[in-house]
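In the text below, chain A, chain B and the rest are named by the order of the sequence lines, each starting its count at 1. Only a predicted model underlies this, so the values are computations on that prediction, with no experimental measurement involved.
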Amino acid sequence: MGCHLSLMGRRRYPSAMSLSHPHPIDSPAVLAWYDRHARDLPWRVSPQDRRDGVRPDPYRVWLSEVMLQQTTVAAVKAYFLRFTSLWPTVANLAAAPLDAVLREWAGLGYYARARNLHACAQAVVGDHGGVFPDTAAGLQTLPGIGAYTSAAIAAICFDERVAVLDGNLDRVLARYYALDVPVREAKDELRGALQLAVPVRAGDFAQAMMDLGATICAPRAAMCLVCPLHDGCEARAEGEPTRYPIKPVKAERPVRRGHAFVMRDASGDVYLQSRPAKGLLAGMTEVPTSDWTAEPGEPDFPVTAAWQRHGEVVHIFTHFRLELEVWSAVVPPDGLVNGWWSSPDALAGEALPTLFRKVLNLAGLDQA
DNA sequence: AAGTCGGGGGG
DNA sequence: CCCCCAGACTT
């Protein structure tokens, strides 16, 4: 059985141990695989160019890493190209209004990232002379840069020999060591095992392991026959690699219900307002809604008008399901002073999260 | 240590 | 429907 990375006893059992001597990860094999199969990505310097002395731009690496937090490569590409076109340097981004950053981030999700992105750019310019710190420890002091992102930037840009552990690596290593507990309970052990393998080409190694997780050791399929870690992989030896990682018990997703009110003035403009600076969809643009509650309530219309019902929008957030009844009416503009009126043509440029684009769509306002 | 925080693509 | 994605931050 080799060395199962096992957490017998972390909490449940009195004695311990995990893996003081994890069997090694063959980083030369991983790098050789990467030299032939690296993905071509807009923010990446290829291993060939890297060998020729090309250095990654920390600004672009940082921007991509923040966008990629809990977000797929496919979803990020267009946003990355748009951001780097609008703001080619960290100084450009720092000088941009936060509103513009939120507008461009709209649709990508996890909007605290956009606020932290802007704050981080301003910190780099204001506190670091416009130059990103060149160590993981230094990077992690910046807003929106945590354990993973700091390690990724330090490895990719500066070849700091630090373990870069993301969701892909959680899966790859859980399989490699046939980890018999949820990854969250063994994060430190996995990081320690990975740290021992980090080679001089730390940046390429980090990207190689992530590519491996994205293309070979994928969530629902593991192409073990072409994997450079085939020989040492315990899950492969057991014969059912997709059994790992062990998943924690899933919490049920509660339902919240409410009403959304699309108000238009005589000229057809739509009434919009800003959400609070904290909490869900913080600082983004919305149409007015009722409170979102477990029980469906009667619509508390903001003004008296001939309200028309359009149907229901369903939107899935991470920890609850939202069902909004969508209403619209032509209203007199009196009393609506907290927000602003937007022409239908201008909606595409508003900082509207996907939820409210769905609402506007259902009310008959076509979005680009 | 557990909760909060989006959205989309693929099985 | 379900899962998962180059996680960070708060409590």
Of the nucleotides [options], which has the atom closest to the [X] side chain?
{"X": "Arg321(A)", "options": "dC1(C), dG7(B), dA8(C)", "result": "dC1(C)"}
{"X": "Arg184(A)", "options": "dA2(B), dA8(C), dG7(B)", "result": "dA2(B)"}
{"X": "Val73(A)", "options": "dG6(B), dA6(C), dC4(C)", "result": "dA6(C)"}

Find the distance between CG (Leu173(A)) and SG (Cys233(A)) and round it off to the nearest 0.5 Å.
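Reported to 0.5 Å precision, the distance equals 10.0 Å.
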If every non-hydrogen atom of Val45(A) is compared with every non-hydrogen atom of Arg50(A), which pair is closest and at what distance?
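Looking at all heavy atoms of both residues, the closest pair is CG1-N, 3.7 Å.
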Which base sits across from dG6(B) as a Watson-Crick or G-U pair, both distances under 3.5 Å?
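Its partner is none (no Watson-Crick or G-U wobble pair with both distances under 3.5 Å).
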Any donor-acceptor pair under 3.5 Å linking the side chain of Tyr111(A) with the backbone of Gly283(A)?
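Absent.
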Within the side chain of Arg60(A), is there an N or O that forms a donor-acceptor pair under 3.5 Å with the backbone of Pro42(A)?
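Looks like yes, one N/O pair under 3.5 Å.
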Between [atom2] of [N] and [atom1] of [X], the distance in whole Å:
{"X": "Asp204(A)", "N": "dA6(C)", "atom1": "CG", "atom2": "C1'", "value": "15 Å"}
{"X": "Phe317(A)", "N": "dT4(B)", "atom1": "CZ", "atom2": "P", "value": "13 Å"}
{"X": "Glu286(A)", "N": "dG6(B)", "atom1": "CD", "atom2": "P", "value": "13 Å"}
{"X": "Ile153(A)", "N": "dA8(C)", "atom1": "CD1", "atom2": "P", "value": "10 Å"}
{"X": "Met67(A)", "N": "dA8(C)", "atom1": "CE", "atom2": "C1'", "value": "16 Å"}
{"X": "Leu355(A)", "N": "dG7(B)", "atom1": "CG", "atom2": "P", "value": "7 Å"}
{"X": "Lys358(A)", "N": "dG8(B)", "atom1": "NZ", "atom2": "P", "value": "7 Å"}
{"X": "Tyr244(A)", "N": "dC4(C)", "atom1": "OH", "atom2": "P", "value": "16 Å"}

Does Asp170(A) pair with Lys187(A) as a salt bridge, N-O distance under 4.0 Å?
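The answer is yes: the pair qualifies as a salt bridge.
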Report yes if a side-chain nitrogen or oxygen of [X] is closer than 4.0 Å to either non-bridging phosphate oxygen (OP1 or OP2) of [N]; otherwise report no.
{"X": "Arg253(A)", "N": "dG6(B)", "result": "no"}
{"X": "Thr149(A)", "N": "dA8(C)", "result": "yes"}
{"X": "Arg171(A)", "N": "dC5(C)", "result": "yes"}
{"X": "Lys247(A)", "N": "dC4(C)", "result": "yes"}
{"X": "Tyr110(A)", "N": "dT4(B)", "result": "no"}
{"X": "Thr354(A)", "N": "dG6(B)", "result": "no"}
{"X": "His315(A)", "N": "dG7(B)", "result": "yes"}

Under 4.0 Å between any heavy atoms, over every strand shown, what does [X] touch: base, sugar-phosphate, or nothing? Just pick one.
{"X": "Leu322(A)", "answer": "nothing"}
{"X": "Gly279(A)", "answer": "sugar-phosphate"}
{"X": "Arg115(A)", "answer": "nothing"}
{"X": "Ile145(A)", "answer": "sugar-phosphate"}
{"X": "Ala147(A)", "answer": "sugar-phosphate"}
{"X": "Trp62(A)", "answer": "nothing"}

dA6(C) to dG11(B) separation - P atoms, rounded to the nearest Å
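Between the two P atoms, the distance is 15 Å.
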Please state the C1' separation for the pair dG6(B) and dC4(C) - nearest whole angstrom.
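It works out to 13 Å between them.
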Phe317(A)-His315(A) aromatic ring centre distance below 6.0 Å:
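Phe317(A) vs His315(A): aromatic centres under 6.0 Å.
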Between the base of dG7(B) and the side chain of Thr318(A), is one N or O donor paired with an acceptor at under 3.5 angstrom?
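Flag unset: no donor-acceptor pair detected.
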By nearest nucleotide on DNA chain C, pick out whichever of Ser64(A) and Lys250(A) is the more 5' one.
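It is Lys250(A), whose closest nucleotide lies nearer the 5' terminus.
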Pairwise 5' ranking along DNA chain B for Arg220(A) and Gln70(A), keeping only the more 5' one
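Here Gln70(A) is the residue nearer the 5' end.
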CD/Glu295(A): more than 12 non-hydrogen atoms of other groups inside 6.0 Å:
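No, not enclosed.
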